[in-house]
2 protein chains.
Amino acid sequence: MDPQQLRTFVTVVDHRSFSAAAQALGYTQSAISQHIAALEADLAAPLLFRRPVAPTEAGERLLEHARPLLLRLDAARADIARLRQERPGRLALACTPGALTPATALALVRARTATPRLVASVRMCGRAEAVQAVLTGTADLALVDGAVAPSDPLPLPDAAPLPAFPVSEEPLAVLLPATHPLAGRPALRLADLAAARWIDAPDAAVPLAQLRAAAQSDGFGHQLTYTGTDIRGLSVLVAAGAGLTTAALPAAKDLPGIAAIPITEPRIVHRTELLHPRTPTSPTAELLDALRPKQSH
Amino acid sequence: MDPQQLRTFVTVVDHRSFSAAAQALGYTQSAISQHIAALEADLAAPLLFRRPVAPTEAGERLLEHARPLLLRLDAARADIARLRQERPGRLALACTPGALTPATALALVRARTATPRLVASVRMCGRAEAVQAVLTGTADLALVDGAVAPSDPLPLPDAAPLPAFPVSEEPLAVLLPATHPLAGRPALRLADLAAARWIDAPDAAVPLAQLRAAAQSDGFGHQLTYTGTDIRGLSVLVAAGAGLTTAALPAAKDLPGIAAIPITEPRIVHRTELLHPRTPTSPTAELLDALRPKQSH
DNA sequence: CCATGGGTATCAGTATCTCTGATGCTGGAT
DNA sequence: ATCCAGCATCAGAGATACTGATACCCATGG
C-alpha cells in the first residue's frame, strides 16, 4: 500500500477510467492496471468494478482513508518545508466567503503596510480547500466560518489537526425572500424551518450538514445544491424562492430582495476561526499575533 | 516518503539507534541508514542528529505526522479486512479503567449468553491503545472514558475518525486522602484545587490534560506521573498524600482511605463513550445495538 | 450473427531500485 | 593515542516497476 498506488487509486476513481487516470498521472495504462492489481492483491479484496469503473464496497472504505492519507503526507512535507522558510515575503490567506470581516481585513491591510515588499494575497474558496491550502503550504493562514453551538469548535476535516482560534462571532441568520410570509419577524426558531425547502450551498454559505449537527435534527432536506463561493448568486436564488440558506447576520443584511432573520433557538452562532500552521514563519506570525484574542492567564 | 521508510524513521527514533532499529525491523543496519538518507534527501532536511541519535526540529515535525499516518494505513487495511468477516465468533472489547460500568458489563454477559460459541474478551488499557485497537481491528469495540463539558464529545486521537456514542455519564469526583482538610465537604469547585498537587495518571484515571481543557485553565501542574491502568495502586498514592486525581464518582466512592468529592464547578461530567468500526460485523453489531441509546426521531 | 471499437488485463523485457555484506569513517571513552 | 561502538558508503545480486505490444472482454451497431 504505497502512496503512489493510493494516488493512482483515487485518480482512477475520480476519472472513472484506467486510461484517463494513466494520462492524468503520466503513466501508461498498463502501469495503472498493475497498480490496482497490486493493491487488490495486497488487501485481498476487489476494489473496483470494471466497465464501468466504480469503487466496490472495499474500494469505498479505502477511499475514505486514501484521500486524507495523501493529504497528510503532503501536510508533513509542507510542515518540514516551512522550517526552511522558503517564502519570507509572502502572506497568503485562504478564506471562505462568510469569514472575511472588516476587522480581519483591516489587520491584513495593517500587516501589508507595516512590512514593505510583502506580497499579500487572499483566495476565496470552500472550506475543504481552505484547510487543505494551509496543510499543504499553499496558504499561510485560513479563515473558515461555520455554524455551531456557542461552546463548540468548528468541525474540520480529519486529515490532520490544525491549531485554530476564533476571530469573530455573530448571530446566525436565515435568508428568506423579502416577500416570504415570515420575512417580517424579528427572530425565528430553526425548528420551525426544518421542513422548509433549503438550498445546500456548502462553499458559499453554511453547509446544511452543519445546521443538522448544530440543531441535532434530521431535517433540512435540500432540493437544490449550489456550487461556488459567490453569495450574491446564491441570494438571487433565495430571492426567487428556490429555497432558504443561513449566513452570518451582518453579511446577509444588505442583500437585495432578501430578509435576514436572526435565529434564536437552538443556541447557534456563526463563528469564523483562523487556522494556522504549527510553526508559522515571519510575516504570518505577526498577523497571527495581531488577530489572536488577548487572554489574561 | 513511502510508509516503509516512515516506519523505519519512527523505529529509529524509538530505539534512539540505527542498529537497534535494524534488528527490530529485520533489516541490516545498512538498509536503515539508506532509508533515513533517502528520507532526508527527499525532504531536503536533516531529520536526525547522529551520535547520539535524536530527532531534529524537522524530525519532530515528521514524527507528528508519521505515527498517525502509519496508524491510519493499518486502519484502512483493517476496515477492508473487516468486510471479509474473518472472525465471526469473536467479540473483543478494549476498555479504559473508568469506562466499564455494571450496565455495559451486563450487556456483554447477555450477548455472551445469547450467542453460543462466542469468544468474548475484555482488555483493559489506556485511551490511545484502546482507540488504536479498534482502528487496527485488534478489538471490535472500545469503551473510553474522560472528563468533558456536558455537551462536548470526548477528545480522541487524530489518526482517523471513529463513530462513537455515549453509554453513561456520571458526576466527576476529586479523589482526596480521607484525612484531607477538604475531605468532609459535600462538593468542591475545581478552581479551588488548581494549585493543589496533582498526580497525572492518564491511563488509570482522567488525564490532567483533559481537566485543563475542560476547565479552560493552565493550572493542574503535576509532580508525579502514574503509568498503568490500575486504579487501586493509584488510590494508595492518593491516600498517602502524593497528590490528587479525578475519576467517576461511583467508581471512586469505595476506595479505601479515599474521599471522593463531586465537582460542581465548572460543569464537567465524566462520560464514557463506545467507539466502534464503521461497519461492525455480526456479534459486534448486536452488542452495539443493545447499548445504543434509543432515540425517537 | 459478426464486426468494430473503446477499454482493461497480461506478458516480456529492460531500467531502476532496494536490499545485503564488506568495509570505511567518526566521535567519544579509556 | 588507541580502541570501539555505531553510522556511512560501496558494489553487486535479486527484486521491482515501468513501457510497449498484444490479448481479451464487453457493448454497440450493422
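Values below: every heavy atom of this structure, side chains too, minus hydrogens, waters and symmetry copies. Per chain, numbering begins at 1; letters A, B, ... match sequence-line order.
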K.L.:
Provide, to the nearest angstrom, the distance between the CD1 atom belonging to A:I36 and the P atom belonging to D:dA17.
P.N.:
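Result: 14 Å.
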K.L.:
Within this structure, what is the NE2-to-P distance between A:H15 and C:dT8, rounded to whole angstrom?
P.N.:
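The distance from NE2 of A:H15 to P of C:dT8 comes to 12 Å, rounded to the nearest Å.
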K.L.:
Specify the separation, in whole Å, of atom CG of A:L39 and atom C1' of D:dA17.
P.N.:
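Whole-Å distance recorded here is 14 Å.
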K.L.:
Look at the side chain of A:F18 and decide which nucleotide, out of C:dA9, C:dT20, D:dG20, has an atom nearest to it.
P.N.:
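Within the option list, the nearest is C:dA9.
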K.L.:
Give the nucleotide from the list D:dT9, D:dT19, C:dT10 with an atom nearest to the side chain of B:S33.
P.N.:
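Of all the options, the side chain of B:S33 is nearest to D:dT9.
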K.L.:
Regarding D:dG20, can its base be found pairing with the side chain of A:S30 as donor and acceptor, where the two atoms are less than 3.5 Å apart?
P.N.:
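Flag set: donor-acceptor pair detected.
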K.L.:
Considering just the side-chain nitrogens and oxygens of A:H35, establish if one lies under 4.0 Å of OP1 or OP2 belonging to D:dC18.
P.N.:
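Looking at the OP1 and OP2 atoms of D:dC18, one of them is under 4.0 Å from a side-chain N or O of A:H35.
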K.L.:
Look at the side chain of A:Q34 against the base of D:dT19 and say whether a donor-acceptor pair falls under 3.5 Å; ignore hydrogens and angles.
P.N.:
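Yes, a donor-acceptor pair under 3.5 Å.
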K.L.:
Provide, to the nearest angstrom, the distance between the CZ atom belonging to A:R7 and the P atom belonging to D:dC18.
P.N.:
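The answer, rounded to whole Å, is 11 Å.
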K.L.:
Give, for atom CG of B:L63 and atom CG of B:L69, the distance between the pair rounded to the nearest 0.5 Å.
P.N.:
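Here the rounded value is 11.5 Å.
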K.L.:
Rounded to the Å, how far apart are B:D2 CG and C:dC17 P?
P.N.:
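Nearest whole value for this atom pair: 13 Å.
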K.L.:
What does B:S19 touch in the nucleic acid at a heavy-atom separation under 4.0 angstrom: a base, only the sugar-phosphate, or nothing?
P.N.:
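Answer is sugar-phosphate: B:S19 comes under 4.0 Å of backbone atoms only.
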K.L.:
Using whole Å, report how far CD of A:Q5 lies from C1' of D:dC18.
P.N.:
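Going from CD in A:Q5 over to C1' in D:dC18 covers 13 Å.
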K.L.:
Nearest 0.5 angstrom please: B:H35 NE2 to B:S30 OG, how far?
P.N.:
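Separation between the atoms: 10.0 Å.
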K.L.:
Using heavy-atom distances to pick each residue's nearest nucleotide on DNA chain D, tell me which of A:R51 and B:Q29 is more 5'.
P.N.:
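Nearer the 5' end of the strand: B:Q29.
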K.L.:
Between A:Y27 (OH) and D:dT19 (P), how many Å, whole number?
P.N.:
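It is 8 Å, rounded to the nearest whole Å.
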K.L.:
Is a donor from one side chain sitting under 3.5 angstrom from an acceptor on the other, for B:Q4 and B:Y27?
P.N.:
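Yes, B:Y27 and B:Q4 have a side-chain donor paired with an acceptor closer than 3.5 Å.
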K.L.:
Decide, yes or no, whether a salt bridge links A:D14 with A:R67 under the criterion of side-chain N to carboxylate O below 4.0 Å.
P.N.:
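Between A:R67 and A:D14 there is a salt bridge, with a charged N closer than 4.0 Å to a carboxylate O.
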